[in-house]
Amino acid sequence: MSSFNPNMVMFIAMLVIMTLYSSEAVQYKVGDDKKWNLQSNPDFYVKWASNKTFRVGDTLYFEFVNGSHDLAFVTAGEYDRCEINDPSSVEVISPITVYLNEPKYYYFICTLEDHCKRNLKLAVLVQDDGISN
Ligand SMILES: [Cu+2]
């Protein structure tokens, strides 16, 4: 019964190892085809982030119509209150690639008009890649 093809066993073992240890960085396009925009569903960006695992080395790619939206890197408190204390953290030219270099929460909002209060905001938890420690 134990007639394993040694080549096949080796092949499967290599696939498993590659899957476990390849820390291929992933680029996530925020909102997918909806991009960075006001959405009719208030939970849109919460849901968008909830089914993904963000890891150190991954990137977020924000795309929007210049002048219609912007992107600010904010603290948890600013995210909650839709405030911005550091105007220098606002990016206004699309597209914007954000490098997730640390295992922590990252918070983003749109600062234009009432867009943040209308839930154009994103929080992601970035996890350690599990290799570099
Ligand atoms: Cu906006």
Side-chain angles (χ1 to χ4, degrees):
M1 282 295 179
S2 60
S3 61
F4 290 114
N5 178 336
N7 288 334
M8 184 59 78
V9 171
M10 182 63 76
F11 178 70
I12 291 171
M14 283 180 63
L15 277 184
V16 169
I17 289 169
M18 286 164 62
T19 304
L20 287 176
Y21 289 99
S22 71
S23 58
E24 187 95 352
V26 179
Q27 183 193 67
Y28 293 99
K29 183 175 176 182
V30 175
D32 297 314
D33 58 335
K34 304 261 191 182
K35 306 181 184 177
W36 185 239
N37 273 311
L38 292 172
Q39 309 292 343
S40 50
N41 177 357
D43 296 327
F44 180 87
Y45 290 104
V46 173
K47 283 189 174 166
W48 179 85
S50 68
N51 65 358
K52 298 172 180 64
T53 302
F54 302 97
R55 299 192 182 281
V56 169
D58 292 346
T59 52
L60 296 178
Y61 181 83
F62 291 83
E63 204 176 358
F64 54 88
V65 175
N66 291 338
S68 295
H69 303 291
D70 63 15
L71 183 70
F73 305 76
V74 297
T75 65
E78 292 170 308
Y79 172 89
D80 288 337
R81 295 187 300 273
C82 284
E83 292 173 358
I84 170 115
N85 298 324
D86 178 12
S88 72
S89 76
V90 181
E91 302 272 353
V92 298
I93 307 296
S94 171
I96 297 159
T97 299
V98 177
Y99 294 86
L100 305 172
N101 293 327
E102 294 177 67
K104 65 173 188 179
Y105 275 99
Y106 285 76
Y107 299 94
F108 307 93
I109 65 172
C110 175
T111 72
L112 295 188
E113 301 171 22
D114 61 350
H115 293 183
C116 177
K117 286 198 157 61
R118 291 164 68 189
N119 297 295
L120 186 46
K121 61 201 303 197
L122 174 70
V124 301
L125 172 59
V126 176
Q127 303 187 2
D128 212 309
D129 61 14
I131 294 169
S132 57
N133 56 13

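Order of listing sets the numbers, starting from 1, for every ligand and every atom in it.
Annotation: the span from Glu63 atom CD to Ile96 atom CD1 amounts to 10.5 Å, rounded to 0.5 Å. The distance from the CD atom of Glu83 to the NZ atom of Lys117 is 7.0 Å, given to the nearest 0.5 Å. Taking CD1 of Ile109 as the reference point, atom NE2 of His115 lies at 12.0 Å (rounded to 0.5 Å).
Between Asp114 and Arg118 there is a salt bridge, since at least one side-chain N of the basic residue sits less than 4.0 Å from a carboxylate O of the acidic one.
Partner of Leu60 under the side chain to side chain contact (heavy atoms under 4.5 Å, CB included) criterion, out of Val30, Val26, Thr97, Val126: Val30 alone.
Pairs engaging residues 43-96 under the disulfide bond (SG atoms under 2.5 Å apart) rule: Cys82-Cys116 [sequence neighbours left out].
Here 3 is the count of protein N, O or S atoms positioned under 2.8 Å from the Cu ion (ligand 1), waters not counted.
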